[in-house]
Amino acid sequence: KQPIQVIGGGLAGTEAAWQIAQAGVPVILYEMRPKRFSPAHHTEHLAELVCSNSFGAMASDRAAGLLHEELRQLGSIVIQKADEHAVPAGGALAVDRGQFGQDLTQTLSSHPLIEFRRGEVQAIPEGIVVLATGPLTSPDLAEDLRRFTGMEYLSFFDAASPIIVGDSINRDIAFMASRYDKGEAAYLNCPMNKEQYLRFREELCKAEQTELKDFERETAKFFEACLPIEELAQRGEDTMRYGPLKPVGLSDSRTAERPYAVVQLRQEDKAGQLWNMVGFQTNLRWGEQKRIFQLIPGLEKAEFVRLGVMHRNTFINAPQLMHPTLQFKARPTLLAAGQLIGTEGYTAAAASGCLAGINAARLALGKEPLTLPATTMMGALFEFISSASPKHFQPMPPNFGIFPELGVKIKNKQERYGHYRDRSLADLENWKADSVDS
Ligand code: FAD
């Protein structure tokens, strides 16, 4: 049997290789370190954690915690080793990164069906392949991937605006309308009077920013067209009002007043549970973003599923290119996982590695690839990245906003999340039982 090739020994590739081998299929895992390092990696271990040592909240009624639980059900090696090397971190699953990486490297290297090869892969190989080279994919391979996907479907920089849970927006203030009433009312608009606008601008101008890494500063130069909101604020009193906050063509039919400035929110998911702040790419610190964006009328109680980021990130336009099985539409023997497909964070990378590995092994065994139930955190994430609007696609972390409705209204948030958790784990159990012999 031809071995499956997994490219990239990060969070996603390590999990994918493990799942393939556990299914009884031989696999070659390629990792370019230590022959070549990305600007953020420093060790030769598999699944190196490039920054924080935390996999997010542990409680299973939180988005990250539910993802941990689902991965445990699916026999994830990444979460098993995270559990084994956990260090105290309040309510989070954090690990001793040295032990975690060393143990994974040793465990995978000694698996009889895994051949571990150190070296950079510069072009997408033939055969069944899982691409998992992450946000800092080496330039030659990124170029080959760009040839494969088409120029416009591979991004090198993530300039993502914050995303807000729909239920947390005050609809007594925010109103639905499109500029000049063109077409169907498609945006939620948060109106500001002059005093509110000036205060908001003042706070933006003095807010604390995150430090960009050197390699990110280099990349950022190429993104003049996509200026952070705080930079626009600093350029002049009215710059934002002539840019993303322009009020023209937008009036609230309830009051017929013309606002001084308007923050527009665009629907992010099909169900309208998530709203993206248009033009709010930002380098502000996360605490500052929450504090300042909650000054916007209508967003006083906004719950953010993702805050704005601007950093180097290689990712494909998954909604255009991929199935929720994590196969490319244009080449079903090619799968991809990790940050490269537009999910965000360590746990989400392991999760997509898990499904890509399961499906790559199924292809090798002549079986149909599987889709996870959209009621699970994993299934909801893969459904989102394969069906979001390709035009505005930006990476998405695990969150409950992408879940299908429960069918009953539960006002208390923690209680609602508990129901999501129960439904997810039950559906995953049934899915596992159904898919074992299919
Ligand atoms: P990676 O873990 O990066 O793995 C990709 C692997 O592929 C690497 O080992 C790389 O060496 C290898 N590779 C690349 N190109 C090739 C090639 N051509 N041939 C062979 N091997 C190759 N997420 C968090 O949850 N928390 C954080 O604190 C956090 N901080 C981050 C900080 C930075 C600077 C960056 C860039 C990202 C950060 N992320 C963080 C996001 C993080 O990258 C992902 O969560 C996670 O590492 C993605 O997993 P992955 O498997 O997709 O990529």
Side-chain angles (χ1 to χ4, degrees), residues 5-18 28-57 63-64 67-68 78 82 89 92-95 97 100-101 104-105 108 116-125 129-145 156-158 160 210-217 219 286 306 309-316 318 326 336-354 356-357 381 385 395-398:
Q5 299 174 79
V6 175
I7 324 282
L11 274 303
T14 299
E15 186 64 50
W18 178 258
I28 302 173
L29 172 59
Y30 294 92
E31 169 50 55
M32 68 177 182
R33 292 174 286 126
K35 291 189 175 152
R36 184 166 186 169
F37 282 99
S38 84
H41 289 84
H42 301 292
T43 76
E44 54 178 58
H45 300 323
L46 287 176
E48 176 177 336
L49 305 177
V50 285
C51 185
S52 135
N53 65 337
S54 169
F55 284 79
L67 204 48
H68 300 156
V78 168
L93 175 58
V95 301
R97 69 178 79 224
F100 168 78
L104 275 171
T105 309
L108 267 82
F116 187 16
R117 286 193 198 163
R118 301 274 190 185
E120 180 189 355
V121 175
Q122 293 180 324
I124 306 168
V129 173
V130 178
L131 269 182
T133 42
L136 303 169
T137 295
S138 71
D140 284 347
L141 185 64
E143 202 41 51
D144 193 49
L145 182 57
F156 291 102
F157 200 76
D158 176 356
T210 48
E211 269 298 307
L212 284 185
K213 303 214 166 26
D214 285 348
F215 66 90
E216 290 180 325
R217 213 167 287 122
T219 324
W286 286 4
R306 183 190 72 199
V309 285
M310 294 186 78
H311 55 207
R312 173 107 170 256
N313 186 6
T314 312
F315 68 101
I316 59 171
L326 307 186
Q339 197 95 353
L340 200 56
I341 62 171
T343 59
E344 209 167 279
Y346 301 148
T347 315
S352 56
C354 182
L381 260 181
I385 58 136
M396 179 61 81

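Ligands are counted one by one from 1 in listed order, and the atoms in each one are counted from 1 as well.
Distances from atom 32 (C) of ligand 1 to the heavy atoms of C51, A40, G119 put C51 nearest. Of the listed residues (Y30, Y346, F315), the one carrying the non-hydrogen atom nearest atom 29 (C) of ligand 1 is Y346. Considering only non-hydrogen atoms, atom 3 (O) of ligand 1 lies nearest to H41 out of H41, H311, E44. Closest heavy-atom approach to atom 51 (O) of ligand 1 within the set G338, P39, A12: this belongs to A12.
Rounding to the nearest 0.5 Å gives a distance of 11.5 Å between OG1 of T314 and CZ of F157. Note: L46 CG to E15 CD = 12.0 Å, rounded to the nearest 0.5 Å. Taking CG of L340 as the reference point, atom OG1 of T137 lies at 5.0 Å (rounded to 0.5 Å). In this structure, L131 CG and L326 CG are separated by 12.0 Å, a value rounded to the nearest 0.5 Å. With rounding to the nearest 0.5 Å, the separation of CD in E31 from CZ in F116 is 6.0 Å.
In this structure, P135 counts as a contact residue of ligand 1, since one of its heavy atoms falls inside 4.0 Å of the ligand.
Listed by number with element, the atoms of ligand 1 under 4.0 Å from a non-hydrogen atom of L136 are 36 (C). Each of the atoms 41 (C), 42 (C), 44 (C), 45 (O), 48 (C), 52 (O) of ligand 1 lies under 4.0 Å from some heavy atom of Q339. Set against the non-hydrogen atoms of G345, the atoms of ligand 1 under 4.0 Å away are 23 (N), 24 (C), 25 (O), 45 (O). Residue-ligand proximity, L11 to ligand 1, at heavy-atom distances under 4.0 Å covers atoms 2 (O), 47 (O), 49 (O), 51 (O). Ligand 1 places these atoms under 4.0 Å from at least one heavy atom of S52: 28 (O).
Between the side chain of E48 and the backbone N or O of G10, no donor-acceptor pair lies under 3.5 Å. Of the possible donor and acceptor atoms, none in the side chain of K35 sits under 3.5 Å from a partner among the backbone N and O of E120. At distances below 3.5 Å, at least one donor-acceptor pair connects side-chain atoms of S352 with backbone N or O atoms of A349.
For ligand 1, one of its N or O atoms has an N or O atom of M32 under 3.5 Å away. Where the criterion is an N or O separation shorter than 3.5 Å, residue side chain and backbone included, R33 meets it with respect to ligand 1. Inclusion of L141 in the set of residues having an N or O under 3.5 Å from an N or O of ligand 1 is not warranted. At under 3.5 Å, not a single nitrogen or oxygen of E120, backbone or side chain, sits near a nitrogen or oxygen of ligand 1. Polar contact check, R312 against ligand 1: no nitrogen or oxygen pair lies under 3.5 Å apart. Among the atoms of V50, none of the N or O lies under 3.5 angstrom from an N or O of ligand 1. Considering both main-chain and side-chain atoms, E48 never comes within under 3.5 Å of ligand 1 through any nitrogen or oxygen pair. In terms of N/O distances under 3.5 Å, ligand 1 is not approached by T137. The shortest N/O to N/O separation between S54 and ligand 1 does not fall below 3.5 Å.
When heavy-atom distances to ligand 1 are checked against a 4.0 Å cut-off, A47 has no atom that comes that close, whether in backbone or side chain. Of the heavy atoms in A349, only side-chain atoms (C-beta onward) come closer than 4.0 Å to ligand 1.
Here the shortest heavy-atom pairing between A63 and P398 reads CB-O, 3.6 Å. Of all the heavy atoms in V130 and A337, the pair that sits closest is CG1-CB, 4.5 Å. The minimum heavy-atom distance linking V50 with A40 is given by the pair CG1-O, 3.7 Å.
In this view, F315 satisfies the ring pair (Phe, Tyr, Trp, His ring centres under 6.0 Å) rule with no residue, not counting sequence neighbours. Qualifying side chain to side chain donor-acceptor pair (under 3.5 Å) partners for S52, counting only residues two or more places apart in sequence or in other chains: none.
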